[in-house]
Amino acid sequence: MPLVEIQNLQLDLTVEAGRVRVLDGVDLRIEQGTVHALVGESGSGKSLTAMSLARLLPVGFAQRAGGRVFVDGRDIFALETAGLRELRGGVVSYVFQEPATALNPVMRVGDQILESLRLHQPERATRTEVVAWLQRVGIPAPEVRARQYPQELSGGMQQRVMIAMALAPRPRLLVADEPTTALDVTIQAQILDLLMGLRRELGMTILLITHNLGVVAEIADDLSVMYAGQVVETGPAARVLKDPAHPYTQALLASVPRLGSGHRFLATIPGAVPPAGKPPTGCRFHPRCPVAAPVCGVDVPLPRALGGGRVVRCPFAGGDLVAGRGAT
């Protein structure tokens with residue numbers, strides 16, 4: 001049984017203009033003990049999907065319009081307050097990309113980790129345990145740092161505190177939402193190495209949201225690509241990166257800078273992700289697709305299996321259209 005299974009999730013947000021559909025038929029399966037990467041342009045729905053795993057989106061602002069989400073065998077939309085409290089932190093923990101805004105500025109960092117332990121591991125909620133976690137995530141002089149406030153720490157240290165707070169309750173799943181975006185390259189590598197080391201030590205599962213396909217190639221077991229509120233391709237990361245089936249995945253990979261390419265201009269994807277609630281007819285990527293045929297603007301593509309654990313939302317993937325039979 002997978003640790004996470006999302007089935008046809010549909011999610012609406014309430015904005016000034018009314019309700020808009022931001023996730024429309026999301027299917028996602030995360031196997032236990034794996035690193036599953038979720039990629040796509042900003043506005044694709046990656047963070048909304050991740051926050052839906054623990055129902056973190058504000059009630060009244062976000063409303064499920066359909067679909068089901070199972071985490072560790074639990075239907076999360078059937079959970080009451082006590083079940084949600086146990087799920088959040090105890091089963092699913094989050095590390096966000098801006099630790100300075102995620103940490104409480106008026107609480108010492110040690111107290112914030114201690115609070116997480118008190119909620120989910122009260123028998124281990126001690127100052128000694130807090131210091132041990134700060135040391136485990138590579139923070140020097142952990143006894144001193146535990147007494148400091150977030151704003152007294154560097155960005156890299158703040159992110160390490162976030163990781164310690166997320167992992168101290170020993171969750172089954174860690175959602176790392178662009179955890180290194182605000183950090184310099186050297187610190188990024190250190191944080192990723194830290195996460196991978198703790199993953200092996202604790203035997204946990206990671207959902208990694210990232211724009212960095214180089215990171216995906218290095219650490220991910222599985223890869224899902226999102227576009228305009230839908231998963232358009234999913235499968236083993238190595239196979240998807242080596243032989244992408246969906247034109248959007250192909251375009252993302254073509255946009256990655258490569259060493260030794262000289263002064264060749266980078267490939268780009270024309271246009272932009274459609275606004276939330278206003279997808280084009282037919283395939284949502286067809287206005288930007290270099291190989292789109294007239295039928296792509298009419299028919300809505302459904303997910304189809306390609307074999308080997310791969311699923312793609314393009315009826316022509318691997319066939320004539322992707323090979324170049326586009327409209328002219």
Side-chain angles (χ1 to χ4, degrees), residues 3-4 6 23 26 28-31 33-54 56 92-102 137 155-156 158-160 162-163 166-167 171 173-200 204-242 244 246 248-258 266-269 272-273:
L3 182 61
V4 173
I6 301 176
L23 298 181
V26 170
L28 190 66
R29 182 185 177 102
I30 303 176
E31 301 296 337
T34 62
V35 176
H36 194 116
L38 192 58
V39 305
E41 292 169 279
S42 297
S44 293
K46 306 183 299 298
S47 294
L48 290 173
T49 299
M51 295 180 75
S52 297
L53 295 179
L56 290 182
V92 183
S93 280
Y94 290 78
V95 174
F96 297 104
Q97 61 178 303
E98 292 288 353
T101 59
V137 297
Q158 290 177 352
Q159 194 63 290
R160 290 172 188 270
M162 280 292 302
I163 293 171
L167 297 187
L173 172 68
L174 176 69
V175 178
D177 189 352
E178 294 282 359
T180 61
T181 296
L183 307 176
D184 66 54
V185 175
T186 302
I187 303 300
Q188 285 183 27
Q190 292 175 2
I191 294 296
L192 289 171
D193 287 344
L194 172 64
L195 286 175
M196 292 305 102
L198 291 170
R199 173 225 173 184
R200 290 188 293 270
M204 66 180 175
T205 304
I206 294 179
L207 174 61
L208 175 66
I209 300 174
T210 182
H211 289 93
N212 192 330
L213 290 172
V215 169
V216 173
E218 185 175 348
I219 67 175
D221 300 297
D222 299 299
L223 169 63
S224 293
V225 181
M226 288 197 73
Y227 184 78
Q230 296 178 334
V231 174
V232 297
E233 183 166 0
T234 189
R239 296 189 62 183
V240 173
L241 293 174
K242 181 179 180 181
H246 197 282
Y248 180 59
T249 311
Q250 295 172 358
L252 286 178
L253 286 168
S255 302
V256 176
R258 286 173 172 78
L266 286 176
T268 60
I269 306 175
V273 177

(Q) The test is side chain to side chain contact (heavy atoms under 4.5 Å, CB included); show your working for Q190 and T186 and say whether it passes. (A) CA-CA 7 Å; Q190 292 175 2; T186 302; 3.8 Å; yes
Flag side-chain contact, heavy atom, 4.5 Å: [X] against [Y]:
X    : Y    : result
T49  : I209 : no
I269 : L252 : yes
Q188 : V215 : no

(Q) Before you tell me yes or no, could you show the steps for D222 and V240 under side chain to side chain contact (heavy atoms under 4.5 Å, CB included), namely the whole-Å CA-CA distance, both residues' side-chain angles and the distance that decides it to 0.1 Å? (A) CA-CA 9 Å; D222 299 299; V240 173; over 6 Å; no
With rounding to the nearest 0.5 angstrom, report the [atom1] to [atom2] distance, [X] to [Y].
X    : Y    : atom1 : atom2 : result
Y94  : L207 : OH    : CG    : 8.5 Å
H36  : L3   : NE2   : CG    : 12.0 Å
T180 : L208 : OG1   : CG    : 8.0 Å
T34  : L173 : OG1   : CG    : 9.0 Å
L192 : T210 : CG    : OG1   : 8.0 Å
S47  : E178 : OG    : CD    : 7.5 Å

(Q) Once side-chain contact (heavy atoms from CB on, under 4.5 Å) is applied, do any residues pair with S93, and if so which ones, sequence neighbours excluded? (A) A166, P171, L174
Under the 3.5 angstrom rule, does the side chain of [X] hit a backbone N or O of [Y] as a donor-acceptor pair?
X    : Y    : answer
D177 : Q97  : no
K46  : V225 : no
Q159 : P99  : no
E31  : V4   : no

Shortest non-hydrogen contact from [X] to [Y]?
X    : Y    : value
M226 : S44  : O-OG, 3.4 Å
G156 : I187 : CA-CG2, 3.9 Å
T234 : S224 : OG1-OG, 2.7 Å
V137 : L194 : O-CD2, 3.5 Å
L195 : M204 : O-CE, 4.4 Å
I219 : V35  : O-CB, 3.6 Å

Q) Could you go step by step and tell me if L241 and L253 meet the side chain to side chain contact (heavy atoms under 4.5 Å, CB included) rule? A) CA-CA 8 Å; L241 293 174; L253 286 168; 3.6 Å; yes
**Q.** Parallel, tilted or perpendicular, as decided by the 30° and 60° cut-offs, for the rings of Y248 and H246
**A.** perpendicular
